[in-house]
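Some notes on the structure that comes next.
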Amino acid sequence: MLGLVVLVASAACTPTTPTTPTSSTTTTPSTTACNGADVLCGRAFDAVAHLTTHNAMSAEAYGFIAPNQTRSFTGQLDAGVRALMLDVHRNADSGLPSPNLGAEAIALCHGYCAFGAIPLTAGLTEIRAWLDAHPREVVTLILENYVSAAALETSFADAGLLPLLATHTTGAAWPTLGQMIDSGRRVVVLTDSQGGQRPWLLPVFSEAWDTDFSAATTADFTCDVLRGSFSNRLIILNHFLSDPLPSPLLADQANAASFLPGRVADCRAEWGGRLPNFVTVDFFERGVAAQVVADLNGT
């Protein structure tokens, strides 16, 4: 989520209000499966791998400059993504505010709201609509957050998401996906700022640890702990390239069948067999990221 380098100034992007696209296929959600598979219902949240989109809001579908993804939130979730990395800013505090949003607007943007921004409430409303249509799915939001807990709470409330938000005591056992679905609390919010200020705002680096997020070539990837403690229950495997900006060609290298499965296997060996819970990629539909996650879950 971090580290976008802006080299060239360009015209400000008009903030996009997400809409639900028409799908080319229609599927009936399962009445028994959890995150698409019956076998996952009995597994604890921290025993499941989740296909994760880095800078999920920075998408071509929303008109972002130098995007990390192609599809909208709906398109990502429809394709099997189950965790979204999101950056949250007050427009006036971003590196280059969007002239199309008020100064106090809370937006999803990547540091420079002028290069792409989605009002936070609009983005969360799109996600909530998808969840309403898919009642057997557990979704995680991983926030790089620059606003107050109160501002986050207002947007989550306005989007109708508060009743779906999970709570968790750091260090305690996680419930199973089935238990989360049965309780209705099936959205996990992990945040690097304001964690613990609300019961559902979980401090990400107390719950999880991650690998380095700064890589220009595949040779730069490591399996080492960057933030958080190795004893934390959740693992975020950052697996995306920026040189200095993201691109589909870089994603083709990182997500390739000849590379990504091997990196996952090597890291698991270093970690004593532990599962990377959040396999975090750019342009997730390119390469084999979805298959790698399915293989990790045995689905």
Single-linkage hydrophobic cluster [X]~[Y], side-chain heavy atoms < 4.5 angstrom:
{"X": "Leu241", "Y": "Leu249", "result": "no"}
{"X": "Leu250", "Y": "Phe213", "result": "no"}
{"X": "Phe259", "Y": "Val279", "result": "no"}
{"X": "Val292", "Y": "Trp271", "result": "yes"}

Please check: side-chain N/O of [X] versus main-chain N/O of [Y], any donor-acceptor pairing under 3.5 Å?
{"X": "Ser231", "Y": "Ser229", "value": "no"}
{"X": "Asp220", "Y": "Ala215", "value": "no"}
{"X": "Asp282", "Y": "Gln69", "value": "no"}
{"X": "Asn145", "Y": "Asp192", "value": "no"}
{"X": "Ser148", "Y": "Ala151", "value": "yes"}
{"X": "Arg185", "Y": "Gln179", "value": "no"}
{"X": "Arg186", "Y": "Leu131", "value": "yes"}
{"X": "Tyr62", "Y": "Phe73", "value": "yes"}
{"X": "Asp212", "Y": "Ser214", "value": "yes"}
{"X": "Ser183", "Y": "Met180", "value": "yes"}

Discussion item. Using side chain to side chain contact (heavy atoms under 4.5 Å, CB included), reason through Thr280 and Ile236 one step at a time and then give a plain yes or no.
Written reply: CA-CA 7 Å; Thr280 306; Ile236 300 169; 3.8 Å; yes
Minimum side-chain heavy-atom gap [X]-[Y] below 4.5 Å:
{"X": "Phe284", "Y": "Val81", "value": "yes"}
{"X": "Val188", "Y": "Val139", "value": "no"}
{"X": "Cys109", "Y": "Ile118", "value": "no"}
{"X": "Ile106", "Y": "Val88", "value": "yes"}
{"X": "Asn238", "Y": "Met85", "value": "yes"}
{"X": "Pro199", "Y": "His168", "value": "no"}
{"X": "Asn297", "Y": "Val48", "value": "yes"}
{"X": "Pro261", "Y": "Val288", "value": "yes"}

Practice prompt. Determine the interplanar angle of the Phe45 and Trp174 rings, folded into 0 to 90°, and report it as parallel if under 30°, tilted if 30 to 60°, perpendicular if over 60°.
Written response: tilted
Worksheet item: Once the angle between the rings of His239 and Phe221 is folded into 0 to 90°, is it parallel (under 30°), tilted (30 to 60°) or perpendicular (over 60°)?
Response: parallel
Would you give the length of the straight line joining atom [atom1] of [X] to atom [atom2] of [Y], rounded to the nearest 0.5 angstrom?
{"X": "Cys41", "Y": "Leu177", "atom1": "SG", "atom2": "CG", "result": "7.0 Å"}
{"X": "His54", "Y": "Ile142", "atom1": "NE2", "atom2": "CD1", "result": "10.5 Å"}
{"X": "Leu101", "Y": "His89", "atom1": "CG", "atom2": "NE2", "result": "12.5 Å"}
{"X": "Leu120", "Y": "Leu108", "atom1": "CG", "atom2": "CG", "result": "5.0 Å"}
{"X": "Thr218", "Y": "Gln253", "atom1": "OG1", "atom2": "CD", "result": "6.5 Å"}
{"X": "Arg227", "Y": "Thr211", "atom1": "CZ", "atom2": "OG1", "result": "9.0 Å"}

Provide the closest heavy-atom pair for [X] versus [Y] in the form atom of the first, atom of the second, distance.
{"X": "Pro67", "Y": "Pro246", "value": "O-CG, 3.6 Å"}
{"X": "Thr170", "Y": "Pro203", "value": "OG1-CG, 4.3 Å"}
{"X": "Ala61", "Y": "Ser72", "value": "CB-N, 3.5 Å"}
{"X": "Leu86", "Y": "Ala56", "value": "CD2-CB, 3.9 Å"}
{"X": "Ala254", "Y": "Leu260", "value": "O-CB, 3.6 Å"}
{"X": "Thr52", "Y": "His50", "value": "OG1-O, 2.9 Å"}

Discussion item. For Phe283 and Phe240, I'd like to know if the aromatic rings sit close, meaning centre-to-centre distance below 6.0 Å.
Written reply: no
Fill in: Pair His110 and Phe64, ring centroids less than 6.0 Å apart
no
Would you say the side chains of [X] and [Y] form a donor-acceptor pair under 3.5 Å?
{"X": "Thr121", "Y": "Ser155", "result": "yes"}
{"X": "Asn91", "Y": "Ser98", "result": "no"}
{"X": "Thr191", "Y": "Ser193", "result": "no"}
{"X": "Glu126", "Y": "Thr74", "result": "yes"}
{"X": "Thr53", "Y": "Gln76", "result": "yes"}
{"X": "Glu285", "Y": "Thr70", "result": "yes"}

Practice prompt. Go through the steps for Glu207 and Arg233 under the test salt bridge (charged side-chain N to carboxylate O under 4.0 Å, His left out), then give the verdict.
Written response: CA-CA 6 Å; Glu207 299 281 1; Arg233 289 177 177 268; over 6 Å; no
Worksheet item: Residues two or more places apart in sequence or in another chain: which of them pass side chain to side chain contact (heavy atoms under 4.5 Å, CB included) with Asp182?
Response: Arg136
Discussion item. Tell me whether Arg198 forms a cation-pi arrangement with Phe156, defined as NZ or CZ under 6.0 Å from the six-membered ring centre and within 45 degrees of its axis.
Written reply: no
Worksheet entry | NZ/NE/NH1/NH2 to OD/OE distance under 4.0 Å, Glu137 and Arg82 | yes
Worksheet entry | Lys/Arg-Asp/Glu bridge criterion (N-O < 4.0 Å) met for Glu104, Arg90 | yes
Worksheet item: Applying the side chain to side chain contact (heavy atoms under 4.5 Å, CB included) test to Leu143, which of Leu152, Leu190, Leu202 qualifies?
Response: Leu152
Item to complete: Could you check Asp210, Val264, Val281 and say which one makes a side chain to side chain contact (heavy atoms under 4.5 Å, CB included) with Leu237?
Response: Val264
Worksheet item: How would you list, by chain and number, every residue that makes a ring-ring contact (aromatic ring centres under 6.0 Å, His included) with Trp130, sequence neighbours excluded?
Response: His134
Discussion item. Using side-chain hydrogen bond (donor to acceptor under 3.5 Å, both in side chains), reason through Thr32 and Asp38 one step at a time and then give a plain yes or no.
Written reply: CA-CA 6 Å; Thr32 60; Asp38 288 282; 2.7 Å; yes
